[in-house]
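No hydrogens, no waters, no symmetry mates; every other heavy atom, side chains included, goes into these values. Order of the sequence lines fixes the chain letters, A, B, ..., with proteins taken first and strands second; residue numbering starts at 1 for each chain.
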Protein chains: 2
Amino acid sequence: MKQFLDYLHKITPLSADAQAAIVAKLQKAAYSKGEVLIKELSKCEHLFFIEKGLARAYYFKQGKEITDWFGLENSVIGPVVRHFPTKTGMHSVELLEDTVVISISFYDLQELYDKYHEIERLGRMIAIQTILSMQQKIDSMQFLTAKQRYHDFVKAYPSLLQRVSLGDIASYLGMNQVTMSRIRKI
Amino acid sequence: MKQFLDYLHKITPLSADAQAAIVAKLQKAAYSKGEVLIKELSKCEHLFFIEKGLARAYYFKQGKEITDWFGLENSVIGPVVRHFPTKTGMHSVELLEDTVVISISFYDLQELYDKYHEIERLGRMIAIQTILSMQQKIDSMQFLTAKQRYHDFVKAYPSLLQRVSLGDIASYLGMNQVTMSRIRKI
DNA sequence: ATGATTTTTTAGCAATTGCTAAAAGGAATC
DNA sequence: GATTCCTTTTAGCAATTGCTAAAAAATCAT
């Protein structure tokens, strides 16, 4: 669980006591490529940390799959900041590679929030980090052309280009796959 | 200060003790239409609550003013969730009407976070609410046409149509003012 | 009111992006 | 190696949106 604690520590320092309380509630599990980690995100009762592997969150919009998140190693996904029934239809998380996740139940997390002020702070910090990355996404969608968004993505996540299908990347970037193919050609 | 405490209470209940600690740090001030409330948001040392009036946050993008937030009554703006140097150039907040704001310094707020677990929770909740509204913005920008975004805005904030210039609304909605005018014509 | 300034609309054209359908390329299976 | 399935690219056309410039309308100050 060291990797997860390191991840948390970089966000905000935690006492040994709080760290131990967290570890006591953690569960580690391995899944295979193609498995569905979370069937319905809005009803998900756990928070996940991806220790190793790759995940993809997606939902359906007019019959089409829309990818709205990629989870590389050291990513967090779950109800902490995503427990909203905003998307219509199923919002799921599937694994694109063999993946090791660490999970904590939302119930346990709430208990930790109640008991440890510093963990509540951690939750606030993670939420603020999420806000920051969402703001970047908003800015890129509002001002960058499809071409710029694609090239920024390639620069930011070069490894994903090899590990994820281009169709998923196109939907993540909010453009038609045909458009993205045209961009790649140039 | 009752209006502000009511606003907070709806987000998460606060003890009388915590409420008193907050009130002790608050300051109320009145400004006139046209004044600049915050000159540089990323360096702003205060959190503001708009008790009455209307504010607008904007920045410059290639010489053009981009509005990225409207603050109606019962809105919060400040470093809690916005203290990021993401925008290039000046990011300011001006008042579109005579406005009464309640403010708290970021320093005092941090002190309150440290001292009161429940206020830290409040901060987390406000961050989560922000995430929710940002997700809605992302979804609307990714999937809705300019026409749909405009009509959704009108439905959501009918009063702003009277109180804000159409150019500001267009930039807020991420479209050319000329495009918006075309949409309105139909 | 009158003139000046700002805001909004209109017009014409260009660029970007989306859509459908088909072809090409790759990967998996037998 | 052939077949099948899935992914990616290509092609042609349509729709949306952006841009510039100018006209019209509204607002503001004197």
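- When side chains are defined from C-beta on, A:V164 counts as touching A:L54, because their heavy atoms get closer than 4.5 Å.
- With hydrogens and angles disregarded, no donor-acceptor distance shorter than 3.5 Å links the side chain of A:T67 to the backbone of A:Y172.
- Bracketed by its first and final contacts, the part of DNA chain C lying under 4.0 Å from non-hydrogen atoms of chain A reaches from C:dT17 to C:dT20 in 5' to 3' order.
- Screening residues 106-118 of chain A for salt bridge (Lys or Arg N to Asp or Glu O under 4.0 Å), with sequence neighbours left out, gives A:K25-A:D108, A:K25-A:E111, A:D114-B:R121.
- Here the side chains of A:V93 and A:F48 are not in contact, with every heavy-atom distance at 4.5 Å or above.
- Although no hydrogens or angles enter the test, the distance criterion places no donor-acceptor pair under 3.5 Å between the side chain of B:Q110 and the main chain of B:Y107.
- Following chains of ILVMFWY side-chain contacts shorter than 4.5 Å, one can reach B:I50 starting from B:Y31, so the two form part of one hydrophobic cluster.
- Side-chain atoms of A:E51 do not come within 3.5 Å of backbone N or O of A:V100 as any donor-acceptor pair.
- The cationic atom of B:R124 (NZ for Lys, CZ for Arg) lies less than 6.0 Å from the six-membered ring centre of A:Y113 and within 45° of the ring axis.
- The list of salt bridge (Lys or Arg N to Asp or Glu O under 4.0 Å) pairs with a residue in residues 141-153 of chain B, not counting sequence neighbours, is empty.
- Take the nearest nucleotide of DNA chain D for B:I183 and for B:K33: the residue whose nucleotide is more 5' is B:I183.
- The nearest whole Å value for the distance from the CD atom in A:Q162 to the P atom in D:dT8 is 12 Å.
- When the side chains of ILVMFWY residues are joined at heavy-atom separations under 4.5 Å, either directly or via intervening members, B:Y150 and B:L144 end up in two distinct hydrophobic clusters.
- Rotation axes derived from the C1' atoms of the five outermost pairs at either end of the helix from C:dA1-D:dT30 to C:dC30-D:dG1 lie 40° apart, to the nearest 10°.
- A donor atom on one side chain and an acceptor atom on the other are found under 3.5 Å apart for B:E40 and B:S42.
- Listed by residue number, B:T145, B:A146 are the residues of residues 144-158 of chain B with a heavy-atom contact under 4.0 Å to DNA chain D.
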B:H151 and B:I183: CA distance, side-chain angles, deciding distance, side-chain contact (heavy atoms from CB on, under 4.5 Å) verdict: CA-CA 9 Å; B:H151 287 122; B:I183 290 163; 4.2 Å; yes
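- DNA chain C is contacted by A:G174, A:M175, A:N176 of residues 163-177 of chain A, taking any non-hydrogen atom closer than 4.0 Å.
- The closest side-chain donor-acceptor pair between B:T99 and B:E97, if any, does not fall under 3.5 angstrom.
- Put simply, A:R184 has a side-chain N or O that comes within less than 4.0 Å of OP1 or OP2 on D:dT9.
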